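Scroll down for the structure; my scribbles are underneath it.
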Amino acid sequence: MFAFHAGRDAPASDDPRYLQVGLQAHGEPQLEVWRSRAPVRSGRDANGLAWASDGALLFGAMQIDEATAGGILEASQQAYAQMLAALPQHGYPHLLRIWNYFDAITEGDGDQERYRQFCIGRARGLGTVDPTTLPAATAIGRVDGVRVLQVYWLAAREPGIPLENPRQVSAYRYPRQYGPQPPSFARAMLAAPGSALPLLLSGTASVVGHQTLHTDCTALQLQETFANFTALIDAARQHVPALPPQFGAGSRLKVYVRDGDELAQVQQQLSQHLGAQVPRLLLHATVCRRDLRVEIDGVHGG
Ligand code: 3EB
């Protein structure tokens, strides 16, 4: 239904079901493919928005050049406003999951930091929303130096159930110290009952309450991240008791590592923590807090 290729070696294609993302895969080039059992239609709207839909779900993707838009704040506002307008037009009004990739994510100081500016633009583009209905998300830094904001999303005909993590303050309630606009996302999303979709896990890191823990230790940050996933999956199991309590063969994880020199180390720690049964891919990508060394997102099913 939709495919994503990470990195320098990705082939170019105009197919609206294909997106080359500005993250770099560790080791072999990686292609991420989402398949549907139903027939898929796809196309591109006049504003460049690419889409593919199967009758229940729609993937959409926008790429906004920052210089043309007037900055990262304006680019994100524009991407979100265009996405929001397209949802009802295409007949898939309910956002489940959004991925956001942009360059130099922690550049700039204080409230001028690009991630904080992105958060402002995102919130303006979204307009007035009940924060308890926000979709799951990831916001991560490209490492190819290209100042084009990439936003892609999964939307549905039916609303999903957003979930929060009992170990963490909801991101949309983060205190002022993290910026003037708290990030607009839920910790996870369960698609409507009866949907074939697994649990959609937002970017998750070593954040407990609202604070970063273990700023000096990648191994401990990984451990804390997995403790956060355990709590989040527990919360999902209140709704779907059949969901396995631990990651397994039905999970798919993407692991984002800030420092390219730590990729091999993280790969080894993942082997210890997850064994060989959990499919994952490792990416060099910049996490949106300077003190976060690693972040993981993905899906979890039976
Ligand atoms: C955190 O827990 C880590 O701004 O969309 C994770 C997932 C994070 C999504 C976003 C940010 C976002 O706050 C950062």
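Treat the numbers as computed from the prediction; the structure is a model and nothing was measured.
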Only pairs under 3.5 Å count here: list side-chain donor-acceptor contacts from residues 86-98, not counting sequence neighbours, and write none if there are none.
from	atom 1	to	atom 2	distance (Å)
His90	NE2	Asp45	OD1	3.4
His90	NE2	Asp45	OD2	2.8
Tyr92	OH	Gly55	N	3.0
Tyr92	OH	Arg157	NH2	3.3
Arg97	NH1	Thr138	OG1	3.3
Arg97	NH2	Thr138	OG1	2.8
Arg97	NH2	Leu201	O	3.2
Arg97	NH2	Asp297	OD2	3.1

- Query: Who pairs with Glu262 by side-chain hydrogen bond (donor to acceptor under 3.5 Å, both in side chains), at least two apart in sequence or on another chain?
  - Reply: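 Here the qualifying residues are Thr218, Arg293.
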- Query: Taking only residues two or more places apart in sequence, or in another chain, which ones meet Gln269 in a side-chain hydrogen bond (donor to acceptor under 3.5 Å, both in side chains)?
  - Reply: none
I'd like to check the ring pair (Phe, Tyr, Trp, His ring centres under 6.0 Å) partners of [X]; sequence neighbours left out, ordered by chain and number.
{"X": "Phe2", "answer": "Phe4, Phe59"}
{"X": "His239", "answer": "none"}
{"X": "Tyr174", "answer": "Tyr178"}
{"X": "Tyr80", "answer": "none"}

Flag the pair [X] / [Y] as yes when at least one side-chain heavy-atom distance between them is below 4.5 Å, and no otherwise.
{"X": "Glu113", "Y": "Thr106", "result": "yes"}
{"X": "Leu126", "Y": "Leu134", "result": "yes"}
{"X": "Ser76", "Y": "Leu149", "result": "yes"}
{"X": "Asp130", "Y": "Thr133", "result": "yes"}
{"X": "Phe229", "Y": "Ile296", "result": "yes"}
{"X": "Ile140", "Y": "Leu283", "result": "no"}
{"X": "Met62", "Y": "Leu49", "result": "yes"}
{"X": "Leu163", "Y": "Leu190", "result": "yes"}

Rounded distance [0.5 Å steps], [atom1] in [X] versus [atom2] in [Y]:
{"X": "Arg122", "Y": "Gln181", "atom1": "CZ", "atom2": "CD", "value": "8.5 Å"}
{"X": "His26", "Y": "Leu263", "atom1": "NE2", "atom2": "CG", "value": "5.0 Å"}
{"X": "Thr68", "Y": "Ile64", "atom1": "OG1", "atom2": "CD1", "value": "9.0 Å"}

Taking all non-hydrogen atoms of both residues into account, name the closest pair between [X] and [Y] and its distance.
{"X": "Ala137", "Y": "Asn100", "value": "CB-ND2, 4.4 Å"}
{"X": "Val294", "Y": "Gln221", "value": "N-OE1, 3.8 Å"}
{"X": "Arg116", "Y": "Asp111", "value": "NH1-OD1, 3.0 Å"}
{"X": "Leu270", "Y": "Leu282", "value": "CD1-CD1, 3.6 Å"}
{"X": "Arg44", "Y": "Trp51", "value": "N-NE1, 3.8 Å"}
{"X": "Pro183", "Y": "Ala171", "value": "CD-O, 3.3 Å"}

Count the heavy atoms belonging to other residues, nucleotides or ligands that lie under 6.0 Å from [atom1] of [X], then report whether that count exceeds 12.
{"X": "Glu28", "atom1": "CD", "value": "no"}
{"X": "Arg37", "atom1": "CZ", "value": "no"}
{"X": "Gln265", "atom1": "CD", "value": "yes"}

- For Arg237, check salt bridge (Lys or Arg N to Asp or Glu O under 4.0 Å) against everything at least two apart and list the hits.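 For Arg237 there are no salt bridge (Lys or Arg N to Asp or Glu O under 4.0 Å) partners, ignoring immediate neighbours.
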- Message: Would Glu224 and Arg167 count as a salt bridge (Lys or Arg N to Asp or Glu O under 4.0 Å) here? Give the steps.
- Response: CA-CA 10 Å; Glu224 205 66 54; Arg167 299 183 89 228; 2.8 Å; yes
- Transitive ILVMFWY cluster of Ile120, excluding itself - 4.5 Å side-chain cut-off: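 Ile120 clusters with Leu73.
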- Task: In sequence, state the C-alpha distance, the side-chain angles, and the governing distance for Arg280 and Leu274, and then conclude on side chain to side chain contact (heavy atoms under 4.5 Å, CB included).
- Result: CA-CA 10 Å; Arg280 65 242 185 195; Leu274 296 171; 3.5 Å; yes
Verify, without hydrogens or angle tests, whether [X] (side chain) and [Y] (backbone) share a donor-acceptor contact under 3.5 angstrom.
{"X": "Ser206", "Y": "Thr212", "result": "no"}
{"X": "Asn228", "Y": "Gln168", "result": "no"}
{"X": "Ser202", "Y": "Ala186", "result": "yes"}
{"X": "Ser271", "Y": "Gln267", "result": "yes"}
{"X": "Arg289", "Y": "Val287", "result": "no"}

- Message: salt bridge (Lys or Arg N to Asp or Glu O under 4.0 Å), that's the test. Do Arg114 and Glu66 meet it? Break it down for me.
- Response: CA-CA 11 Å; Arg114 282 164 52 82; Glu66 290 184 30; 2.8 Å; yes
- Item | Pair Gln150-Gln63, side chain to side chain contact (heavy atoms under 4.5 Å, CB included): steps then yes or no | CA-CA 5 Å; Gln150 299 185 300; Gln63 304 197 72; 2.8 Å; yes
- Query: Going by the ring-ring contact (aromatic ring centres under 6.0 Å, His included) test, which pairs reach into residues 271-302, not counting sequence neighbours?
  - Reply: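 Residue pairs passing ring-ring contact (aromatic ring centres under 6.0 Å, His included), neighbours aside: Phe226-His273, Phe247-His300.
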- Message: Could you tell me if Asp54 and Ser36 have a donor-acceptor pair between their side chains, going purely by distance under 3.5 Å?
- Response: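 Yes, side-chain donor-acceptor contact under 3.5 Å.
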- Message: What verdict does the ring pair (Phe, Tyr, Trp, His ring centres under 6.0 Å) test give for Phe118 and Phe102, after you've listed the backbone C-alpha separation in whole Å, the side-chain angles of each residue and the deciding distance to 0.1 Å?
- Response: CA-CA 9 Å; Phe118 161 81; Phe102 57 99; 4.8 Å; yes
- Message: According to side chain to side chain donor-acceptor pair (under 3.5 Å), does anything in residues 14-23 pair up with another residue at least two apart or in another chain? List the pairs.
- Response: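 The answer is Asp15-Arg17.
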- Task: For a salt bridge (Lys or Arg N to Asp or Glu O under 4.0 Å) with Glu107, tell me which candidate from Arg147, Arg142, Arg290 qualifies.
- Result: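 Among Arg147, Arg142, Arg290, the one that satisfies the salt bridge (Lys or Arg N to Asp or Glu O under 4.0 Å) with Glu107 is Arg147.
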- Message: For Trp34 and Leu57: C-alpha separation, side-chain torsions, deciding distance, then whether side chain to side chain contact (heavy atoms under 4.5 Å, CB included) applies.
- Response: CA-CA 11 Å; Trp34 292 63; Leu57 299 170; over 6 Å; no
- Do Val151 and Leu154 belong together in a cluster built from hydrophobic side chains that touch within less than 4.5 Å?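 Unlinked, Val151 and Leu154 end up in two clusters.
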- Query: Listed by chain and number, what are the side chain to side chain contact (heavy atoms under 4.5 Å, CB included) partners of Arg252, not counting sequence neighbours?
  - Reply: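 Expected list: Pro279, Val299.
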- Message: Working note: Tyr256 + Thr286, criterion side chain to side chain contact (heavy atoms under 4.5 Å, CB included); need CA distance, chi angles, decisive distance, verdict.
- Response: CA-CA 7 Å; Tyr256 307 95; Thr286 314; over 6 Å; no
- Query: Is it true that Glu74 and Arg124 have a side-chain N and a carboxylate O under 4.0 angstrom from each other?
  - Reply: no
